[in-house]
J.: 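Questions regarding the structure given below will be posed in turn.
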Amino acid sequence: MVNHPLAATRLTAMREKSTEPGSFRAALHELTTMLVYEAARAFPAERYPIDTPVAPTEGIRLANPPLLVPVLRAGLGMADSALALLPESSMGFVGLARDEETFEPRAYLESLPADLSGIPVLVLDPMLATGGSLEHCCRLLADRGCTDITVICVLAAPEGIARLERSGLPLRLVTASIDQQLNDKMYIVPGLGDAGDRQFGGMPRF
Ligand SMILES: O=P(O)(O)OC[C@H]1O[C@H](OP(=O)(O)OP(=O)(O)O)[C@H](O)[C@@H]1O
Ligand SMILES: O=c1cc[nH]c(=O)[nH]1
Ligand SMILES: [Mg+2]
């Protein structure tokens with residue numbers, strides 16, 4: 001978990017219900033930068049020869065830049081900041097919408113390389129609630145041979161974390177908060193509401 005005062009102030013802005021969509025998106029961009037920065041500590045780096053204007057020396061580059069996969073819609077608001085920190089990365093897309101009665105994810109977009117063996121993947125979705133959406137997304141990746149998944153979330157519910165642990169999928173989670181629980185509509189409490197609607201508009205449903 002990323003525990004830092006600058007992350008906490010952005011998370012506070014996102015939780016506050018009076019925060020307008022523009023400020024919500026700005027806080028999500030900044031918080032994503034911090035979460036990706038922390039997640040990338042674990043990425044292998046390699047040395048290679050470079051020349052400064054003065055002398056030859058060694059530089060550092062990522063050995064294997066991850067594929068970025070924002071989960072639409074809400075993960076779209078994390079895509080730019082992740083790509084800014086990881087300009088060598090490519091991006092795939094998964095579109096999921098949770099059914100409001102069954103709470104199961106409905107897939108409407110899957111734009112991913114066919115073979116992900118040997119490719120680390122960074123999944124971007126601000127919310128881990130029941131875990132159905134992220135389990136679905138990570139299973140798509142594992143079915144394509146991916147064995148190294150990092151999931152970046154703003155908020156995680158204990159129920160969703162437990163589901164991902166039970167899934168046996170090859171993933172680690174980086175988040176800014178583990179909240180208390182889910183309510184009877186499977187929203188995270190205290191949470192921040194619907195992360196898609198708060199960025200892009202829509203009717204409140206909680
Ligand atoms: O853990 P779960 O119970 O599956 O819920 C989490 C999902 O819900 C939100 O997406 P949503 O389905 O609202 O779609 P949206 O991004 O288009 O708003 C969120 O971005 C996650 O993808
Ligand atoms: O609290 C929640 C749960 C699922 N999806 C959201 O956007 N928010
Ligand atoms: Mg939504």
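Side chains are part of it too, since the values below use all heavy atoms of this structure and drop only hydrogens, waters and symmetry mates. Read the numbers this way: they start at 1 and go in the same order the structure lists the ligands and their atoms.
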J.: I need the contact type for A129 against ligand 1. Using non-hydrogen atoms and a strict under-4.0 Å cut-off, is it side chain, backbone, both or neither?
T.: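 The part of A129 near ligand 1 is both the backbone and the side chain.
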J.: Which is closest to atom 5 (O) of ligand 1 in terms of heavy atoms, E104, E159, R98, R106?
T.: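 The nearest heavy atom belongs to R98.
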J.: Looking at F200, I'd like to know if the NZ or CZ of R73 sits under 6.0 Å from its six-membered ring centre while staying within 45 degrees of the ring's axis.
T.: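 Here R73 fails the 6.0 Å and 45° test against F200.
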J.: Do any nitrogen or oxygen atoms of A195 come within less than 3.5 Å of a nitrogen or oxygen of ligand 2?
T.: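 Yes, A195 has an N/O under 3.5 Å of an N/O on ligand 2.
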J.: Among protein heavy atoms, which lies nearest atom 2 (C) of ligand 2, and at what distance?
T.: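 Checking every protein heavy atom, the shortest distance to atom 2 (C) of ligand 2 gives Y187 CD2, 3.3 Å.
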J.: Is the side chain of Q199 donor-acceptor paired with the backbone N or O of A195 at a distance under 3.5 Å, no angle test?
T.: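 Flag set: sc Q199 to bb A195 pair under 3.5 Å.
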J.: For ligand 1, which atoms have a heavy atom of M127 less than 4.0 angstrom away?
T.: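 The atoms of ligand 1 under 4.0 Å from a heavy atom of M127 are 6 (C), 19 (C), 21 (C).
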J.: Short N/O distance, under 3.5 Å, between Y108 and ligand 1?
T.: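 No; every N/O pair is 3.5 Å or more apart.
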J.: Does some non-hydrogen atom of R98 fall short of 4.0 Å from ligand 2?
T.: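 Per 4.0 Å heavy-atom rule, R98 contacts ligand 2.
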J.: Give a yes or no answer on whether the side chain of T19 reaches the backbone of A13 with a donor-acceptor pair at less than 3.5 Å.
T.: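 Indeed, once roles are kept as given, a pair shorter than 3.5 Å links the two residues.
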J.: List every atom of ligand 1 that sits less than 4.0 Å from any heavy atom of G196, numbering the atoms from 1 in the order shown and giving each element.
T.: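 Those of ligand 1 that fall under 4.0 Å from G196 are 18 (O).
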J.: Regarding atom 16 (O) of ligand 1: of the candidates A156, A74, G75, which has the closest heavy atom?
T.: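 Ranked by closest heavy atom to atom 16 (O) of ligand 1, first place is A74.
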J.: I'd like to check which ligand 2 atoms, numbered from 1 as shown, lie under 4.0 Å from a non-hydrogen atom of M127.
T.: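 Here the atoms of ligand 2 in question are 1 (O), 2 (C), 6 (C), 7 (O), 8 (N).
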J.: In this structure, does ligand 1 have an atom that sits under 4.0 Å from one of the heavy atoms of P105?
T.: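 No, P105 has no heavy atoms under 4.0 Å from ligand 1.
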J.: Could you tell me whether some N/O pair between M186 and ligand 1 is separated by less than 3.5 angstrom?
T.: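 Checking ligand 1 against M186, no N or O pair falls under 3.5 Å apart.
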J.: Is I188 close to ligand 2, meaning an N/O of one under 3.5 Å from an N/O of the other?
T.: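 Yes: some nitrogen or oxygen of I188 is under 3.5 Å from one in ligand 2.
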J.: Would you say Y187 and L134 are hydrophobically clustered, going by side-chain heavy atoms of ILVMFWY under 4.5 Å?
T.: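 No, separate clusters.
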J.: Enter the distance from L122:CG to L35:CG here, rounded to the nearest 0.5 Å.
T.: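 With rounding to 0.5 Å, CG (L122) is 10.0 Å from CG (L35).
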J.: Would one find an N, O or S atom of D197, in either backbone or side chain, under 2.8 Å from the Mg ion (ligand 3)?
T.: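 False for D197.
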J.: Could you give the distance from CZ (R172) to OG1 (T150), rounded to the nearest 0.5 Å?
T.: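 Separation between the atoms: 3.5 Å.
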J.: Does any N/O atom on L134 come nearer than 3.5 Å to any N/O atom on ligand 1?
T.: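 Such a contact does not occur with ligand 1.
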J.: Looking only at N/O atoms, are A97 and ligand 1 under 3.5 Å apart anywhere?
T.: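 No; the residue has no nitrogen or oxygen that sits under 3.5 Å from a nitrogen or oxygen of the ligand.
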J.: Before signing off on this row, confirm whether M186 and ligand 2 have an N or O atom pair separated by under 3.5 Å.
T.: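 Min N/O separation from ligand 2 is not below 3.5 Å for M186.
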J.: If you measure from atom 20 (O) of ligand 1 to every heavy atom of L96, D125, L76, which option wins on shortest distance?
T.: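 Looking at heavy atoms only, the winner is D125.
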J.: Suppose I only count heavy atoms of D194 and a 4.0 Å limit; which atoms of ligand 1 are within that range?
T.: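 In order of number, 13 (O), 18 (O).
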J.: Any chance you could measure C153, atom SG, to L128, atom CG, to the nearest 0.5 Å?
T.: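 Reported value, rounded in 0.5 Å steps: 5.0 Å.
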J.: List ligand 2 atoms under 4.0 Å from A129, heavy atoms only on the residue side.
T.: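 Reading through ligand 2 atom by atom, the close ones are 3 (C), 4 (C).
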J.: Can a donor-acceptor pair be found between the side chains of T57 and R47 at a distance below 3.5 Å?
T.: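 Absent: no donor and acceptor within the cut-off.
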J.: Looking at L28, is its backbone amide N or carbonyl O close enough to the side chain of T32 to form a donor-acceptor pair, meaning the two atoms are under 3.5 Å apart?
T.: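 Yes; judged by distance alone, with no hydrogens or angles, the pair exists.
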J.: CG/D197 to CG/L192 distance, rounded to the nearest 0.5 angstrom?
T.: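 Going from the CG atom of D197 to the CG atom of L192 covers 11.0 Å.
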J.: Would you check whether T130 has a nitrogen or oxygen atom less than 3.5 angstrom from a nitrogen or oxygen atom of ligand 1?
T.: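 Between T130 and ligand 1, an N or O pair is found under 3.5 Å apart.
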J.: Could you check whether any side-chain N or O of S81 sits under 3.5 Å from a backbone N or O of T33, counting only pairs where one atom can act as donor and the other as acceptor?
T.: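 No.
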J.: Between the main-chain N or O of S117 and the side-chain N or O of R144, is there a donor-acceptor pair closer than 3.5 Å?
T.: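 Not a single qualifying donor-acceptor pair exists.
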J.: Around atom 8 (N) of ligand 2, find the nearest protein heavy atom and jot down its residue, atom name and distance.
T.: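 That would be G193 O, 2.8 Å.
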J.: Is there a path from V123 to L155 through hydrophobic residues (I, L, V, M, F, W, Y) whose side chains come within less than 4.5 Å of each other?
T.: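 Result: no, two separate clusters.
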